[in-house]
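Some notes on the structure that comes next.
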There are 2 protein chains.
Amino acid sequence: MKFFQSPETTREEILAAAYRALCTHGYADLTMERIGAKFDKSVSLVYHHYDGKDDLLLECLEFMLEEYRAETESGPPEDPRQAIEEFCDQLLLSDAPPEAQQFVHALIELRGQAPHNDAYRDYFTRSDRVFQARIERIIETGIEAGVFQDVDPERTAKMIQTIFLGGLFQYATANHDEWLPAFRDELQAYLERDLYTDG
Amino acid sequence: MKFFQSPETTREEILAAAYRALCTHGYADLTMERIGAKFDKSVSLVYHHYDGKDDLLLECLEFMLEEYRAETESGPPEDPRQAIEEFCDQLLLSDAPPEAQQFVHALIELRGQAPHNDAYRDYFTRSDRVFQARIERIIETGIEAGVFQDVDPERTAKMIQTIFLGGLFQYATANHDEWLPAFRDELQAYLERDLYTDG
DNA sequence: TCCTTTTGATTGAACGTTTATTCAAAACGG
DNA sequence: CCGTTTTGAATAAACGTTCAATCAAAAGGA
């Protein structure tokens, strides 16, 4: 992940280690020892910087969300249509590096903890809001520019996010061959039918 | 769950106990001890009937899927429109008993194991196929009866399933107030716009 | 029918492993 | 020399699983 390319403090090194261990082993098989193996300090040092395992992972997620927000919240997109397709492609690219796919898997696993874990549920509630806001802004800009139909931005953004999340979830948790391209087509068809002004 | 109302063998009693423990504690906090607490035999008996914890849970899921299949695979639905809305309502009912909601949570948690657990991934791949087939048949019947547009049943069924799964996932893993009714509206709007022949 | 043998169900205690976390002490930097 | 960083070893609890022993009922034999 671009976010962790150049950690500048020990705290960030630990976050990067947590991220890498998460991608490698997944959440279920993630141990402090494995996190420690991903950087060159000892395991117990983690406890000097973070309150514990869950705290560390949450801060790791928070860090990435903050980076994403800073990147995207700057201004309205220039080309709304391109922006929304970029948003979708971001996690859906079939030629994405394996690390990205593993991260998607890990994200799904993490989110799978949310039903019984308030901290995780709070986090994903917040992250949903960030993405919702991002999509809404793109849609609003697109409507103003006349390239999108005059839909309700909030509702449409919600729908896109739901479709998107459902796609990721299904993709990460089942073995459907050739599912990714089929899903991209489906998503594309939805956008063209229900959002774009021309075919 | 109706499936476990009248367990007839010890094996089924154990499945019922696993189901109840799953609903009560969620997957992450599910222990053999807690499963044992949900029926009147001892914990170690489970190992006489099943290979272990994961085996037990998988067999529990399998049992429920088989019941569902037997229930729905009998014949084509009489009223396709009603059938598809019943399908959607089945898990989405806001006035559903709390147990059903907890089961949805548990299902999401379980499915969250799939990215790194082949047995779970195989199971959910299979269960997706069952639901896919169910929706496809409803759509085919609806097209023949002229109450549905002439869509591609496979693609449309996939889309509905994706939207549905995304909805459940979001619902179970985030705190969005009033989300359920909003989602039902959204789903309804999708069906009316892209599937039903009249408004 | 009565005794013996076998089978399957059931239990409670124990084992061994894994894992997050703590802590006292060493190393380090200014 | 003092505060911070870092370490390795120790701790303590939790948990899945095993196993030898018991028990009831069925099967078998005479």
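Here is how names work: the chains are called A, B, and so on, in the same order as the sequence lines, proteins then strands, and each is numbered from 1. Note that the structure is predicted; figures quoted are calculated from it, not measured.
In this structure, A:Tyr68 has its ring center closer than 6.0 angstrom to the ring center of A:Phe131.
In this structure, A:Arg20 forms no cation-pi arrangement with A:Phe4, as its terminal cationic atom is not both closer than 6.0 Å to the ring centre and no more than 45° off the ring axis. Cation-pi geometry between A:Arg134 and A:Phe87 is not met: the NZ or CZ atom fails to fall both under 6.0 Å from the ring centre and inside 45° of the normal. No cation-pi contact links B:Arg111 to B:Tyr120, judged by a cut-off of 6.0 Å to the six-membered ring centre and 45° from its axis.
In summary, contact between chain A and DNA chain C, defined as any nucleotide atom under 4.0 Å from a heavy atom of the protein, begins and ends at C:dT19 to C:dC23 in the 5' to 3' direction.
At a non-hydrogen distance threshold of 4.0 Å, nothing from residues 55-62 of chain B comes into contact with DNA chain C.
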### Task
Check the pair A:Trp179 / B:Lys158 against side chain to side chain contact (heavy atoms under 4.5 Å, CB included), numbers first and verdict last.
CA-CA 10 Å; A:Trp179 193 84; B:Lys158 275 210 167 88; 4.3 Å; yes
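Using a 4.0 Å heavy-atom distance criterion, B:Leu30 is classed as a sugar-phosphate-only contact.
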### Query
What string of B, S and - do you get for nucleotides 3-9 of chain D 5' to 3' if you count protein non-hydrogen atoms under 4.0 Å?
--BBBB-
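Judged as a side chain to side chain donor-acceptor pair (under 3.5 Å), and not counting sequence neighbours, A:Glu33 has no contacts. Looking at residues two or more places apart in sequence or on another chain, you find a side chain to side chain contact (heavy atoms under 4.5 Å, CB included) between A:Asp152 and A:Glu154, A:Arg155. Considering only residues two or more places apart in sequence or on other chains, B:Glu66 meets the side chain to side chain contact (heavy atoms under 4.5 Å, CB included) condition with B:Arg69.
Of all heavy-atom pairs between B:Pro77 and B:Arg137, the closest is CD-CG, 4.1 Å.
Looking at B:Glu109 and B:Gln113, their side chains never bring a donor and an acceptor atom within 3.5 Å of each other.
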